[in-house]
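Notes follow once the structure below has been shown.
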Amino acid sequence: LRAIGGEFALIDRIRQRVGASGGAVLLGIGDDAALLGPSGTASNLVVTTDLLIEDVHFRRSWCEPYLLGRKAAAVNLSDIAAMGGIPTATFLSIALPTNLTVEFVDDLIQGLDDCCKEFGSQIAGGDTNAAPDRLVISVTQIGTVFPTKAKRRTGARYGDRILVTGRLGDASAGLALLEKFGLAGAEKIAATAVRRQLSPTPRVAEGRIAGELGAVRAMMDLSDGLLGDLGKLCSASRTGAVVQMEAVPVGQGAKKTAAKLGANPLSYALYGGEDYELLIIVMAEAAQDVMVEIEKSTGTAVTDIGEIVAGDTVWYVDAAGQRFAASAGWDHFAGGEPASTGTTGRAEDDTIE
Ligand SMILES: [Mg+2]
């Protein structure tokens with residue numbers, strides 16, 4: 001992977017080799033999920049897949065199998081939510097090392113099934129195999145969306161407002177704690193952060209409501225950190241963005257973790273991954289209504305954090321009004337510990353981006 005130039009270069013390479021999508025594939029590589037429009041159907045299919053590998057994406061010592069199953073479902077459901085889709089069917093392929101107990105496998109499947117059912121999806125098939133030593137879980141999630149309601153990454157326009165659901169930074173703060181202190185120690189410091197790392201909640205209802213609203217022009221889920229993910233959306237829409245750092249809603253878990261580790265809590269919120277909140281780009285004049293509508297229907301807070309602008313750079317503005325390019329962001333946090341994406345940081349959650 002390094003020889004190719006990293007994960008995004010690999011995805012670009014695959015995309016070039018595969019060529020433009022056509023036929024029933026309405027939207028191929030490059031968004032949270034693919035959109036398929038088989039002939040004779042009123043709805044489009046939304047399809048995404050995600051791979052979880054032991055010691056790359058999770059450690060068995062931290063993860064109760066039940067929560068691991070839930071997370072495997074949740075990260076996929078989140079990509080369906082990001083398109084404004086409704087989850088329908090889930091496929092599970094799993095490679096099981098011989099040192100797993102039957103109870104572990106039962107709990108894992110139970111977690112996966114519970115999470116799927118909670119969000120309206122059914123496990124409908126998959127594949128099982130033996131693996132040499134590491135557990136590998138691959139989930140493919142199918143959903144549906146009415147063609148005009150699918151939210152892509154490409155719709156942002158200058159002047160649009162940038163909204164996020166919930167609070168950011170807890171999941172990566174939780175990861176930093178788990179790597180440093182193990183499960184018991186981490187839970188004592190910031191249980192919220194640990195919970196959000198191990199058991200994220202996909203924003204399915206929120207995404208569906210956003211899908212219904214014409215004023216919402218683009219959407220994606222936050223899997224790799226706010227500034228990086230916003231950069232991807234901006235690049236797909238050929239825009240830039242300005243984020244007001246003061247406005248970014250930082251989770252309590254990230255704050256507690258930062259206090260313990262001497263880090264800047266904002267670094268978790270801006271650069272940390274795995275929040276699985278939604279980034280919603282909306283026409284400025286409708287921003288307030290969209291926020292109220294989602295909050296009223298789901299109870300999930302929505303925050304306006306900035307504006308889509310011309311250019312190709314994601315900027316953030318600090319409390320003093322100083323502007324920084326997101327890619328130069330690390331310097332600004334010098335002295336603080338950057339949000340860990342460490343060995344278990346999830347590089348990318350998307351279909352094939
Ligand atoms: Mg995504």
Separation of Lys71 NZ from His57 NE2 (nearest 0.5 Å):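 With rounding to 0.5 Å, NE2 (His57) is 9.5 Å from NZ (Lys71).
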
Enter the distance from Ile137:CD1 to Asp50:CG here, rounded to the nearest 0.5 Å.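 Result: 10.5 Å between the selected atoms.
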
Examine the side chains of [X] and [Y] and answer whether a donor and an acceptor come within less than 3.5 Å of each other.
X	Y	answer
Glu277	Thr165	yes
Asp106	Gln110	no
Thr140	Thr49	yes
Ser78	Asp221	yes
Thr90	Gln141	yes
Thr300	Glu206	yes

Can you list the other members of the hydrophobic cluster that holds Leu77, where links are side-chain heavy atoms under 4.5 angstrom apart?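 Besides Leu77, the cluster holds Phe119, Val204.
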
Please write out which residues are connected to Val309 in a hydrophobic cluster, directly or through intermediates, given that two of Ile, Leu, Val, Met, Phe, Trp, Tyr count as joined at side-chain heavy-atom separations below 4.5 angstrom.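 Via sub-4.5 Å side-chain contacts, Val309 links to Val242, Trp315, Val317.
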
I'd like to check Leu198 versus Leu183 (side-chain heavy atoms, cut-off strictly below 4.5 Å). Are they in contact?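 A side-chain contact exists here, since the closest heavy-atom pair is under 4.5 Å.
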
Tell me whether the count of non-hydrogen atoms from other residues, nucleotides or ligands lying under 6.0 Å of CG in Asp312 goes above 12.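 Not more than 12 within 6.0 Å, no.
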
Give a yes or no on whether Arg208 atom CZ has more than 12 heavy-atom contacts from other residues, nucleotides or ligands under 6.0 Å away.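 12 or below, so no.
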
Inter- and intrachain pairs under salt bridge (charged side-chain N to carboxylate O under 4.0 Å, His left out), touching residues 278-298, at least two apart: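 Found Glu293-Lys296.
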
ILVMFWY cluster, Leu100 and Phe58 together (side-chain gap under 4.5 Å):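 Cluster IDs for Leu100 and Phe58 match.
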
Looking at Arg59 and Glu179, does any basic side-chain N land under 4.0 Å from a carboxylate oxygen?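 Salt bridge flag = yes for Glu179 with Arg59.
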
